[in-house]
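Accompanying notes for the structure given below.
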Amino acid sequence: MEKNKKITMKKIYLIICFGIHFINLNAQEVLKLDDFGKIALNPYVSEQAKLPAEAKAQLEIKLKQIASNYGMAGSVANPRFIITANISITTKDIIPGPPQQIAQNMDITLFIGDAIENKIFSNIVISSSGVGTNENKAFIDAIKQINTKNNKIEAFLQEAKNKIIAYYSTQCDFINQKAVALKQQEKYSEAIYTLAQIPEVCKECYFKALNEMAVVYDLKINVDGKTRLSEANAIWSANPNNEGAQQAINLIMQINPQAKCYSEATSLLKTINEKVIADEKERLRKQEEYEKRQQKIDAENSKAEAELEKQRINAYREVAVEYAKNQPQVVYRNVYRNIYWY
């Protein structure tokens with residue numbers, strides 16, 4: 001039973017990945033099937049943090065490492081939960097050179113929470129120190145010193161994880177009701193996306209959502225299939241030719257094989273193919289007929305031209321005959337008397 005549900009989930013994830021347009025995806029990140037069904041912590045460093053740009057980038061990398069090490073890497077699929085940090089300088093010393101360096105001791109406070117409700121689930125303070133030729137490098141050095149794998153950080157993450165699971169347990173009915181409302185508004189992709197946020201570790205809520213997703217998914221593919229089939233029929237009726245066939249076939253190929261109208265779609269596809277093949281045979285027949293007729297015309301034209309040429313030659317000869325008839329015979333006899341060949 002659980003295996004079948006997981007297979008269904010993969011099927012639904014395809015809809016999530018390719019059908020949801022309201023998610024604002026970062027161009028550098030790619031949405032994956034595995035981004036759903038898990039607890040994800042998205043690394044975030046506030047613009048209000050008084051850190052140099054390079055130090056901010058290094059801190060975000062460190063937060064990403066912490067989440068990844070414990071199987072909670074962030075995902076654009078679910079931006080709700082974040083892991084963030086704030087840095088407080090406790091001491092700052094100038095070390096004479098050359099080169100002159102800056103040494104800073106600092107407390108780095110890590111937070112995990114719900115960004116939507118602005119609620120903190122867990123926090124921890126880590127002390128660190130860094131040295132560098134400037135303040136930026138000192139920050140970077142201190143951030144790099146943070147050990148992402150230790151009992152303190154593990155406990156910090158586990159506390160947050162427990163609270164996230166508790167959140168889904170208490171919000172499960174509300175999430176399902178929201179999805180049902182979206183389904184009734186025919187916002188099927190958004191309904192599936194809403195339900196897909198529930199992680200697998202929240203088993204009762206997860207399987208409840210899975211059942212509802214199966215219902216929404218069937219509605220989605222049936223509505224989408226019916227719409228595309230209607231469009232394909234309209235195009236084919238208006239343009240029962242090669243161009244119309246190509247447009248209609250492109251729409252038919254987008255219909256999910258599990259949609260109720262799929263048999264109608266395959267029937268239309270068969271009709272189109274038969275018509276296209278018949279039209280091609282008729283086109284070849286007419287082309288052959290045209291070529292034969294053209295050959296006959298060419299032959300007749302050639303024969304006519306030969307006959308016309310013959311008639312013209314005969315006309316020339318008739319003129320010559322008439323001329324010859326009117327010439328006195330004595331002229332030629334007088335000419336012959338002067339001929340003596342030996």
**Request:** Begin with the C-alpha distance, continue with both residues' side-chain angles, and end with the deciding distance and a verdict on side chain to side chain donor-acceptor pair (under 3.5 Å) for Lys220 and Ser189.
**Result:** CA-CA 8 Å; Lys220 176 177 173 56; Ser189 292; 3.1 Å; yes
**Message:** I'd like to know if the side chain of Gln158 pairs up with that of Asn162 as donor and acceptor (distance under 3.5 Å, no hydrogens or angles considered).
**Reply:** yes
**Message:** Please tell me whether Gln254 and Asn250 have a donor and an acceptor in their side chains that are separated by less than 3.5 angstrom.
**Reply:** no
**Complete:** In terms of heavy-atom contacts, Leu268 and Ala232 come closest through CD2-CB, 4.0 Å
**Request:** Indicate yes or no for a side-chain donor-acceptor contact from Lys62 to the backbone of Ile146 under 3.5 Å, with no hydrogens or angles considered.
**Result:** yes
**Request:** Would you sort out whether Gln197 and Tyr168 count as a side chain to side chain contact (heavy atoms under 4.5 Å, CB included), showing the intermediate values?
**Result:** CA-CA 9 Å; Gln197 305 304 309; Tyr168 281 113; 4.0 Å; yes
**Asked** Should Tyr70 and Lys161 count as side-chain neighbours, where that means a heavy-atom distance under 4.5 Å?
**Response** no
**SB check Glu159 Lys163 (cutoff 4.0 Å)** = yes
**Request:** Would you mind reporting whether Ile94 and Ile102 have side-chain heavy atoms less than 4.5 Å apart?
**Result:** yes
**Prompt:** Charged N to carboxylate O below 4.0 Å: is that the case for Asp141 and Lys137?
**Reply:** no
**Message:** More than 12 heavy atoms of other residues, nucleotides or ligands under 6.0 Å from CD of Glu54: yes or no?
**Reply:** no
**Prompt:** Just by distance, do the side chain of Asn42 and the backbone of Phe81 share a donor-acceptor pair under 3.5 Å?
**Reply:** yes
**Asked** Ser128 side chain to Ala142 main-chain N or O, any donor-acceptor pair under 3.5 Å?
**Response** yes
**Request:** Indicate if Leu251 and Tyr262 have the same hydrophobic cluster label, given that clusters are the connected sets of ILVMFWY residues with side-chain heavy-atom separations under 4.5 angstrom.
**Result:** no
**Request:** Taking Asn239 for its side chain and Asn241 for its backbone only, find out whether a donor-acceptor pair lies under 3.5 Å.
**Result:** no
**Asked** Any donor-acceptor pair under 3.5 Å linking the side chain of Ser230 with the backbone of Lys226?
**Response** no
**Request:** Kindly say whether Ala234 contributes a backbone atom to a donor-acceptor pair with the side chain of Ser237 at under 3.5 angstrom?
**Result:** no
**Item:** Closest non-hydrogen atom pair between Ala55 and Ile143, with its separation
**Value:** O-CD1, 3.5 Å
**Item:** Under 3.5 Å: donor-acceptor pair, side chain of Asp224, backbone of Ile255
**Value:** no
**Item:** Same apolar cluster: Ile153 and Met72, side chain cutoff 4.5 Å
**Value:** yes
**Request:** Please answer whether the main-chain N or O of Tyr44 pairs with a side-chain N or O of Thr84 as donor and acceptor at a distance below 3.5 Å.
**Result:** yes
**Prompt:** Hey, is the main chain of Ile165 close enough, under 3.5 Å, to the side chain of Ser169 for a donor-acceptor pair?
**Reply:** yes
**Prompt:** Above 12 or not: heavy atoms from other molecules or residues under 6.0 Å from CD of Gln100?
**Reply:** yes
**Prompt:** In terms of hydrophobic clusters joined by side-chain contacts under 4.5 Å, are Met253 and Ile235 together?
**Reply:** no
**Message:** More than 12 heavy atoms of other residues, nucleotides or ligands under 6.0 Å from CD of Gln185: yes or no?
**Reply:** yes
**Prompt:** Taking a hydrophobic cluster as the set of Ile, Leu, Val, Met, Phe, Trp and Tyr residues connected by side-chain heavy atoms closer than 4.5 Å, whether directly or through intermediates, do Ile89 and Val45 fall within one such cluster?
**Reply:** yes
**Request:** Only one of Val125, Ile87, Ile126 passes side-chain contact (heavy atoms from CB on, under 4.5 Å) with Asp107; say which it is.
**Result:** Val125
**Lys270/Thr266 under side chain to side chain contact (heavy atoms under 4.5 Å, CB included): CA gap, chis, key distance, verdict** = CA-CA 6 Å; Lys270 182 180 178 182; Thr266 54; over 6 Å; no
**Message:** Could you go through Lys183 and Tyr188, starting from their C-alpha distance and side-chain angles, then the distance that decides it, and tell me whether this counts as side chain to side chain contact (heavy atoms under 4.5 Å, CB included)?
**Reply:** CA-CA 5 Å; Lys183 176 183 69 176; Tyr188 303 121; 4.1 Å; yes
**Item:** Flag if over 12 foreign heavy atoms under 6.0 Å of CD, Glu117
**Value:** yes
**Asked** More than 12 foreign heavy atoms under 6.0 Å from CG of Asn118: is that the case here?
**Response** no
**Request:** Show your working on salt bridge (Lys or Arg N to Asp or Glu O under 4.0 Å) between Lys56 and Glu47 and close with a plain yes or no.
**Result:** CA-CA 9 Å; Lys56 272 187 182 180; Glu47 294 178 0; over 6 Å; no
**Request:** Under the side chain to side chain contact (heavy atoms under 4.5 Å, CB included) rule, what do Glu186 and Leu219 come out as? Steps first, then yes or no, please.
**Result:** CA-CA 9 Å; Glu186 297 185 0; Leu219 283 171; over 6 Å; no
**Item:** Cys205/Cys172 sulfur gamma separation below 2.5 Å
**Value:** yes
**Item:** Short side-chain to backbone donor-acceptor contact, Asn222 and Lys260, under 3.5 Å
**Value:** yes
**Complete:** Closest heavy-atom pair, Met106 versus Thr90, reported as atoms and distance to 0.1 Å, is N-OG1, 3.6 Å
